[in-house]
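First the structure, in the form of structure tokens, and then the observations on it.
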Number of protein chains: 2
Amino acid sequence: MTAISSKLRARMLDALAHPNRIRILEAIRLGHTCSCEIGPELNLEQSNLSRHIRILVDRGILIPERDGVRINYKVADEEIYQLLDLSGELVRRTTERSIREVEL
Amino acid sequence: MTAISSKLRARMLDALAHPNRIRILEAIRLGHTCSCEIGPELNLEQSNLSRHIRILVDRGILIPERDGVRINYKVADEEIYQLLDLSGELVRRTTERSIREVEL
DNA sequence: TCACTACTTGAGCATTTACTCATATATACA
DNA sequence: TGTATATATGAGTAAATGCTCAAGTAGTGA
């Protein structure tokens with residue numbers, strides 16, 4: 001069991017560290033598997049969406065599957081959602097801590 | 001249980017999405033609690049280190065505690081390390097998947 | 001007070017990022 | 001072949017990021 005380099009981990013986290021990319025992953029989680037659905041759903045400009053998805057595919061987070069004209073995306077690893085959920089949990093706790101501080 | 005906004009989650013992930021900030025957190029995990037130790041350990045220029053630490057403190061990830069001239073840092077929430085470990089696990093799996101693909 | 005250590009910050013710079021508009025490519029099907 | 005739908009990309013731009021050097025602030029103890 002070797003430690004993964006900070007550079008690679010940063011690259012993985014960086015791929016997720018954008019509101020729109022998180023929203024894209026959440027849309028896929030809810031069953032919107034192609035960008036022709038995700039775009040309108042999230043109200044993202046087509047080329048912008050395309051570039052965000054490209055980042056997720058390039059980093060090995062999404063896997064594209066062509067189906068005629070459309071391309072369906074699935075997450076390569078469901079564990080990615082654990083990571084997203086954890087980040088939400090951390091935000092929640094951090095917020096609560098700072099509220100407590102103000103109250104003291 | 002409300003969903004945390006993608007913006008806040010992105011902000012949390014973004015705070016971690018840099019090789020040096022990950023290395024700083026790992027150094028703290030190993031017991032190097034002040035930047036006077038972390039700097040030499042990681043061979044980071046002092047002002048650069050200061051700015052990275054500032055980001056981690058501002059985001060509520062690190063908590064500073066003055067002790068004379070030095071400032072000791074501790075993580076606000078140990079769960080941050082779960083997140084870092086998870087990112088490493090995802091990198092590992094992603095790498096293995098791409099190796100398997102080449103072998104097919 | 002002065003000097004020393006620890007840390008912060010202003011300023012400047014190069015690089016990267018996110019975004020948009022317009023255009024190009026790819027697939028399906030008449 | 002032509003047309004429609006889905007996706008990708010070139011080019012340009014504004015803003016953010018990471019870094020460094022130099023100068024500043026803060027606490028400690030002589």
Side-chain angles (χ1 to χ4, degrees), chain A residues 5-28 31-76, chain B residues 5-28 31-75 87:
Chain A
S5 81
S6 55
K7 203 167 172 182
L8 287 176
R9 280 184 288 169
R11 206 174 150 70
M12 173 61 68
L13 291 169
D14 195 58
L16 305 173
H18 191 285
N20 287 337
R21 291 197 286 276
I22 292 177
R23 295 206 298 146
I24 289 167
L25 288 167
E26 294 293 357
I28 291 173
H32 304 282
T33 58
C34 114
S35 59
C36 57
E37 288 177 38
I38 298 169
E41 176 79 15
L42 304 184
N43 198 27
L44 287 179
E45 211 267 340
Q46 189 271 318
S47 64
N48 189 18
L49 173 60
S50 173
R51 285 179 218 270
H52 279 301
I53 287 182
R54 194 191 201 304
I55 289 168
L56 293 171
V57 172
D58 284 352
R59 303 283 221 277
I61 291 167
L62 285 184
I63 294 175
E65 273 170 8
R66 185 129 228 165
D67 173 22
V69 276
R70 57 188 272 166
I71 300 176
N72 292 303
Y73 298 96
K74 62 175 189 187
V75 294
Chain B
S5 81
S6 55
K7 203 169 171 181
L8 287 176
R9 279 184 288 169
R11 207 173 150 70
M12 172 62 67
L13 291 169
D14 194 57
L16 305 173
H18 190 286
N20 286 338
R21 289 197 287 275
I22 292 176
R23 295 207 298 146
I24 289 166
L25 288 168
E26 293 295 357
I28 291 173
H32 304 281
T33 58
C34 115
S35 58
C36 57
E37 289 177 38
I38 298 169
E41 176 80 15
L42 304 185
N43 199 24
L44 287 179
E45 210 266 340
Q46 194 272 321
S47 67
N48 189 18
L49 173 61
S50 173
R51 283 180 219 271
H52 279 302
I53 288 181
R54 195 191 200 306
I55 289 169
L56 294 170
V57 172
D58 283 353
R59 303 284 220 274
I61 291 168
L62 285 185
I63 294 176
E65 275 170 5
R66 187 128 228 166
D67 173 24
V69 274
R70 57 190 271 167
I71 301 176
N72 291 304
Y73 299 94
K74 61 174 190 190
V75 293
S87 72

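Treat the numbers as computed from the prediction; the structure is a model and nothing was measured. Letters go in sequence order (proteins before strands), and every chain restarts at 1.
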Worksheet, complete the sentence: A correct 5'-to-3' footprint of nucleotides 5-13 of chain C, with B, S and - meaning base, sugar-phosphate only and no protein heavy atom under 4.0 Å, is BSBBBBB--
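- In this entry the distance linking CD of A/Glu45 with C1' of C/dA22 reads 10 Å, nearest Å.
- Sorted by first and then second residue, the salt bridge (charged side-chain N to carboxylate O under 4.0 Å, His left out) pairs involving residues 31-48 of chain B (not counting sequence neighbours) are B/Glu37-B/Arg70.
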Between side-chain atoms of residues 14-21 of chain A and protein atoms elsewhere (two or more places apart, or another chain), which donor-acceptor pairs fall under 3.5 Å?
residue: A/His18; atom: ND1; partner: A/Asn20; partner atom: N; Å: 3.0
residue: A/Asn20; atom: OD1; partner: A/Arg23; partner atom: NH2; Å: 3.4
residue: A/Arg21; atom: NE; partner: A/Ala15; partner atom: O; Å: 2.6
residue: A/Arg21; atom: NH1; partner: A/His52; partner atom: ND1; Å: 3.0
residue: A/Arg21; atom: NH2; partner: A/Asp14; partner atom: O; Å: 3.2

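- Both A/Ile55 and A/Gly68 lie close to DNA chain C; mapped to their nearest nucleotides by heavy-atom distance, the more 5′-ward contact belongs to A/Ile55.
- Atom-to-atom, CG of A/Asp67 to P of D/dT5 comes out at 17 Å; the value is rounded to the nearest Å.
- Per the geometry, NE2 belonging to B/His18 stands 15 Å off P belonging to C/dT15, to the nearest Å.
- Residue A/His52 places at least one side-chain N or O under 4.0 Å from the OP1 or OP2 atom of C/dC19.
- Atom CZ of B/Arg21 and atom P of D/dC19 are 8 Å apart (whole Å).
- At whole-Å resolution of the value, CG in A/Leu49 and P in C/dT17 are 18 Å apart.
- If you take CZ of B/Arg11 and C1' of D/dA16, they are 12 Å apart, rounded to a whole angstrom.
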Worksheet item: Do B/Leu49 and B/Leu42 pass the side chain to side chain contact (heavy atoms under 4.5 Å, CB included) test, and can you show the C-alpha distance, the side-chain angles, and the key distance before you say yes or no?
Response: CA-CA 9 Å; B/Leu49 173 61; B/Leu42 304 185; 5.6 Å; no
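- When the P atom of C/dA18 is taken as reference, atom NZ of B/Lys7 falls 14 Å away, rounded to whole Å.
- Using a 4.5 Å heavy-atom cutoff, the side chains of B/Leu44 and B/Ile38 are not in contact.
- The minimum heavy-atom distance between A/Pro64 and A/Tyr73, with the atom names listed, is CB-CE2, 3.6 Å.
- Counting only distance, with no hydrogens or angles, the side chain of B/Arg51 and the backbone of B/Ile53 share no donor-acceptor pair below 3.5 Å.
- Rounded to an integer number of Å, the gap from CG of A/Leu62 to P of D/dA8 is 11 Å.
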